[in-house]
Amino acid sequence: MNENELLAELLLPGIKNTPDYYENLYPLRNLPEGARVTRVAPSPTGYLHLGTLFTALVNRMIATSSGGVFYTRIEDTDKKREVEGGIADIIGGLDRFGIAIDEGFISGEEERGAYGPYKQSCRAEIYQCYAKELLKKGLAYPCFCTAEELAAMREDQEKLKVRTGYHGEWAKHRNITYAEAKANVEEGKPFVIRLRSGGDESRRVVFEDVIKGRIEMPENDEDFVILKSDGIPTYHFAHAIDDHLMRTTHVFRGDEWISSAPKHLELFKVLGFKPVKYGHISPIMKLDGGAKRKISKRKDPEAAVHFFAEEGYPTAAVIEYLMTIAASDFEDWRKANPDSDYRDFKFNPKKMSVSGALFDGDKLNDVSKIMISKMQSGDVYAALTDWAKEFDGEFYGILTENPDYTKKMLAVDRDGVKNARKDFAKWNECKDYFSYYFDSLFTPSYTLPERVSREDAKAFLSEYIKTYDPADDRSVWFDKIKALAPALGFAAETKEYKAAPDKFKGSAGDLSGVLRLAITGRANTPDLCGIMSVLGFDRCASRINLYINNV
RNA sequence: GGCCCGGUGGUCAAGUGGCCUAAGACACCGCCCUUUCACGGCGGUAACACGAGUUCGAAUCUCGUCCGGGUCACCA
């Protein structure tokens, strides 16, 4: 054995496999030409974040559009920051949003697929095997620097105004001898393993980013850590090994990773792997004061995907919105294919924005309103009660006390209508929106429409209630209003009134406004005829009397 | 500060040297339709960060300036 081999044996004595073993264990995938293998690799340091959902959606679409595979991998190499239940929340969240997972973690604890384990903490031996190989070849070495020494080194570098980091002459242990290393190990000193970088800062590394195009940067020359002192790899090393062994073809990840791409490329080269293709996704931004910034977990409620569930946005609406930011040609496609499943959209990474999109709540609302307007009452009932059950127990009780009544209410201006209303974007708006259907939520309003006097309102209402029949269809219903108009000095037809505004106090439309106020306490509601029919005669009559007595 | 990546209406964006008098969507405003409320239809306000250069011709190519974002860990 030469010195490098002795060193490798000294540092990682338990590792017996060689890289060949893993190369054979995880053969190339048998997929058609052009199929892309993508993944999302969340770190369970928190709950599902909008950016993670977005990244997952993009990777999912890339795989789907190419007939490939999309898998999940848990990057839990930082045990200090890990959050209990994080994996279940993240994977469960992806599932709730309809992101299908072909392979990897499919729930908090189950995984499937032939390229696992899919959790990095279970792959220590694999990483160590490759690290050992690098050690044997002299491409890596142990470093015994303490955190304090490293910090002191950084201070010195800052004072001297030289580039900070563990590189070149600053790489203290770069030329450590086997004997020195052995002595340190025997003393029980902790060590990390660093890459012996062959890069040169004055040379350029170039790669073709699938989203951003050609990117050129100085080569990495830093002897960065590949194995931490606990034997667990850093992100960089785990990324190279895992994405190679799991036979990933394309890595779409946040663009904060661009700056470490030279490290990754060097790792692929040194390890003898074919590099993956990168696509760096611009982050979703948020306007803070006057400044744009990346959406942040701490400051922005909408950063945590949980926010959308609480607000009651249908998951499909959030996905639809995300698709509009992800692909600039998605909205055109949607216009041409209004009823297609978004998964049928051919996703082209070239159509992804190179700059970060500002999160636009107005746009989300619009997308969501359209989505909800297309749902039939039965589906709305299911989704709304599901939401209420979790987030508004009182409303849930009211909604489900009489399901038939609630469903009839939801059918007004919805079922059998070509273009349904777009009145609400999320379920938490419904309690207020539908309040007048329920006596316990109803708030009367004793105001008057612009052109109707108190006396006329009372006179109209007391006559009207004598003729009202919930069985009336829309035209009969309005004819009855029209019939009462002339006697009160109102025009029966809107056109009549418009033609000669001086001859009338207003039109039948104004009278129906009084009715609306009396019945619902609102100036704006869906089709009043339909509402009254759901409410029933008694409830309508009592509200009308209440109004007459109080206005 | 070094290194990257960006900069077209308030927002998302189309645009790859002449089809640009710059598309579309959201938001906003107006009009029309209308049996109320909506839906819908039609229209409007509003943009190429700035300065040089290349060219017959620049939103598009080059350089500089400015502005914004990201990154410089035994975190991912």
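To find a chain, count down the sequence lines: A is the first, B the second, and so on, and within it residues start at 1.
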- Query: When we call it a touch if two heavy atoms are under 4.0 Å apart, what does Asp362(A) touch: a base, just sugar-phosphate, or nothing?
  - Reply: sugar-phosphate
- Just need the stems in RNA chain B: three or more back-to-back Watson-Crick or G-U pairs, each with both distances under 3.5 angstrom, sorted by first number. B:1-7 with B:66-72, B:10-12 with B:24-26, B:28-32 with B:40-44, B:49-53 with B:61-65
- Please examine the side chains of Lys263(A) and Trp257(A), heavy atoms only from C-beta on, and report whether any two atoms are closer than 4.5 Å. no
- Distance between P atoms of G44(B) and A58(B) (Å, rounded): 28 Å
- What's the closest nucleotide to the Ser475(A) side chain, out of A38(B), U35(B), G6(B)? U35(B)
- What is the nucleic acid contact for Ser43(A), judged by heavy atoms within less than 4.0 Å: base, sugar-phosphate only, or nothing? sugar-phosphate
- Item | Polar side-chain contact Arg522(A)-C37(B) base: donor and acceptor under 3.5 Å | no
- For Lys228(A) and A76(B), is the shortest distance between a side-chain N/O and OP1 or OP2 below 4.0 Å? yes
- Query: Aromatic rings Tyr278(A) and His264(A): how do their planes relate, parallel, tilted or perpendicular, breaks at 30° and 60°?
  - Reply: tilted
- Task: State, to 0.1 Å, how close Val412(A) and Pro526(A) come at their nearest heavy-atom pair, and which atoms those are.
- Result: CG1-CB, 4.3 Å
- Message: Using the P atom as the point on both nucleotides, what is the distance between G30(B) and U65(B), in whole Å?
- Response: 47 Å
- Query: Looking at the side chain of Arg204(A), which of C26(B), C3(B), A76(B) is the nearest nucleotide?
  - Reply: C3(B)
- Task: Nearest-nucleotide wise, let me know which of Glu75(A) and Asp527(A) is further upstream toward the 5' end of RNA chain B.
- Result: Asp527(A)
- Message: Give me the distance, rounded to whole Å, that separates U60(B) from G6(B) when you measure between the P atoms they each carry.
- Response: 15 Å
- Once you round it to whole Å, what is the distance between P of C12(B) and CZ of Phe359(A)? 13 Å
- Residue Thr77(A), side-chain heavy atoms: nucleotide from A76(B), C12(B), U35(B) that is nearest: A76(B)
- Could you give the CG-to-P distance, from Leu227(A) to C75(B), as a whole number of Å? 11 Å
- Could you tell me whether Arg334(A) contacts a base, only the sugar-phosphate backbone, or nothing, with contacts defined as non-hydrogen atoms closer than 4.0 Å? nothing
- Message: Let me spell it out: for each of Glu493(A) and Lys212(A), pick the nucleotide of RNA chain B with the closest heavy atom. Which residue's pick is nearer the 5' end?
- Response: Lys212(A)
- Query: From Ser43(A) OG over to Tyr235(A) OH, what is the distance, rounded to the nearest 0.5 angstrom?
  - Reply: 10.5 Å
- Kindly point out which of C4(B), C37(B), U36(B) is positioned nearest to the side chain of Phe478(A)? U36(B)
- Task: Compare the minimum distances between each of C75(B), C4(B), A27(B) and the side chain of Thr234(A), then state the nucleotide with the smallest one.
- Result: C75(B)
- The side chain of Met217(A) lies closest to which of these nucleotides: A76(B), C3(B), G6(B)? C3(B)
- For nucleotides C20(B) and A47(B), find the distance between their C1' atoms and express it as a whole number of Å. 13 Å
- Query: Quick one: are Ser353(A) and Ser328(A) in side-chain contact, heavy atoms under 4.5 Å?
  - Reply: no
- Have a look at Pro218(A) and say if it touches a base, only the backbone sugar-phosphate, or nothing, with a 4.0 Å heavy-atom cut-off. sugar-phosphate
- Item | d(CG, Asp255(A); P, U71(B)) in whole Å | 9 Å
- Task: Can you tell me the distance, in whole Å, between the NE2 atom of His280(A) and the P atom of G70(B)?
- Result: 16 Å
- Query: How long is the line joining CZ of Phe224(A) and P of U71(B), in whole Å?
  - Reply: 18 Å
- Query: For Glu216(A), which contact category applies under a 4.0 Å heavy-atom criterion: base, sugar-phosphate, or nothing?
  - Reply: sugar-phosphate
- Listed nucleotide nearest any side-chain atom of Val192(A), set A38(B), C12(B), C74(B): C74(B)
- Query: On a whole-Å scale, what distance lies between the C1' atoms belonging to A22(B) and A46(B)?
  - Reply: 13 Å
- Is any side-chain N of the basic residue among Arg451(A) and Asp510(A) closer than 4.0 Å to the acidic one's carboxylate O? yes
- Item | Phosphate contact (A38(B) OP1 or OP2) by Arg414(A) side-chain N/O below 4.0 Å | no
- Task: Would you check, one step at a time, whether the test salt bridge (Lys or Arg N to Asp or Glu O under 4.0 Å) holds for Lys79(A) with Glu82(A)?
- Result: CA-CA 5 Å; Lys79(A) 287 296 171 189; Glu82(A) 192 163 336; 3.0 Å; yes
- Item | Minimum-distance nucleotide to Trp477(A) side chain [options: A76(B), U35(B), C4(B)] | U35(B)
- Task: Check the pair Asp221(A), Arg163(A) against salt bridge (Lys or Arg N to Asp or Glu O under 4.0 Å), reporting the backbone distance first and the verdict last.
- Result: CA-CA 11 Å; Asp221(A) 70 343; Arg163(A) 189 160 50 93; 2.9 Å; yes
- Could you give the NZ-to-P distance, from Lys351(A) to G15(B), as a whole number of Å? 4 Å
- Note on the structure: Atom CD1 of Ile258(A) and atom P of C4(B) are separated, to the nearest Å, by 11 Å
- Message: Counting C-beta onward and ignoring hydrogens, is there a side-chain heavy-atom pair between Val251(A) and Arg39(A) closer than 4.5 Å?
- Response: yes
- Message: Under 3.5 Å, is there any donor-acceptor pair linking the side chain of Ser229(A) to the base of C74(B)?
- Response: yes
- Item | Distance between P atoms of G9(B) and C3(B) (Å, rounded) | 28 Å
- Query: Looking for any heavy atom pair under 4.0 Å, which part of the strands does Ser353(A) touch: base, sugar-phosphate only, or nothing?
  - Reply: sugar-phosphate
- Task: Side chain of Thr164(A) only, please: which of C72(B), A25(B), C39(B) is the nearest?
- Result: C72(B)
- Message: Please determine whether a side-chain nitrogen or oxygen atom of Asn365(A) lies at a distance below 4.0 Å from atom OP1 or OP2 of C26(B).
- Response: no
- Query: Hey, does Ala508(A) reach any base, or is it just sugar-phosphate, or nothing, if we go heavy atoms under 4.0 Å?
  - Reply: nothing
- Query: Quick one: does Arg516(A) reach the base of U36(B) with a side-chain donor-acceptor pair under 3.5 Å?
  - Reply: yes
- Message: Heavy atoms only, 4.0 Å cut-off, all strands: where does Lys482(A) land among base, sugar-phosphate and nothing?
- Response: nothing
- Which nucleotide in the set C12(B), C26(B), C74(B) lies at the smallest distance from any side-chain heavy atom of Asp366(A)? C26(B)
- Message: Using side-chain heavy atoms (C-beta onward) and a distance below 4.5 Å, is Arg204(A) in contact with Glu219(A)?
- Response: no
- Message: What's the gap between G10(B) and U45(B) when it is taken at their C1' atoms, as a whole Å value?
- Response: 12 Å
- At under 4.0 Å, does any side-chain N or O of Lys80(A) touch on OP1 or OP2 of A76(B)? no
- Worked check of salt bridge (Lys or Arg N to Asp or Glu O under 4.0 Å) between Lys480(A) and Asp469(A): CA-CA 10 Å; Lys480(A) 287 182 177 174; Asp469(A) 180 347; 5.3 Å; no
- Query: Can you check the Trp257(A) CH2 to U71(B) P distance for me, whole Å?
  - Reply: 10 Å
- Kindly confirm or rule out a cation-pi arrangement of Arg543(A) over Phe442(A), judged by NZ or CZ under 6.0 Å from the six-membered ring centre and within 45° of its axis? yes
- Message: Please classify the nucleic acid contact of Cys529(A) as base, sugar-phosphate, or nothing, using heavy-atom distances under 4.0 Å.
- Response: nothing
- Query: How far, in whole Å, is U71(B) from C61(B) if one measures between their C1' atoms?
  - Reply: 29 Å
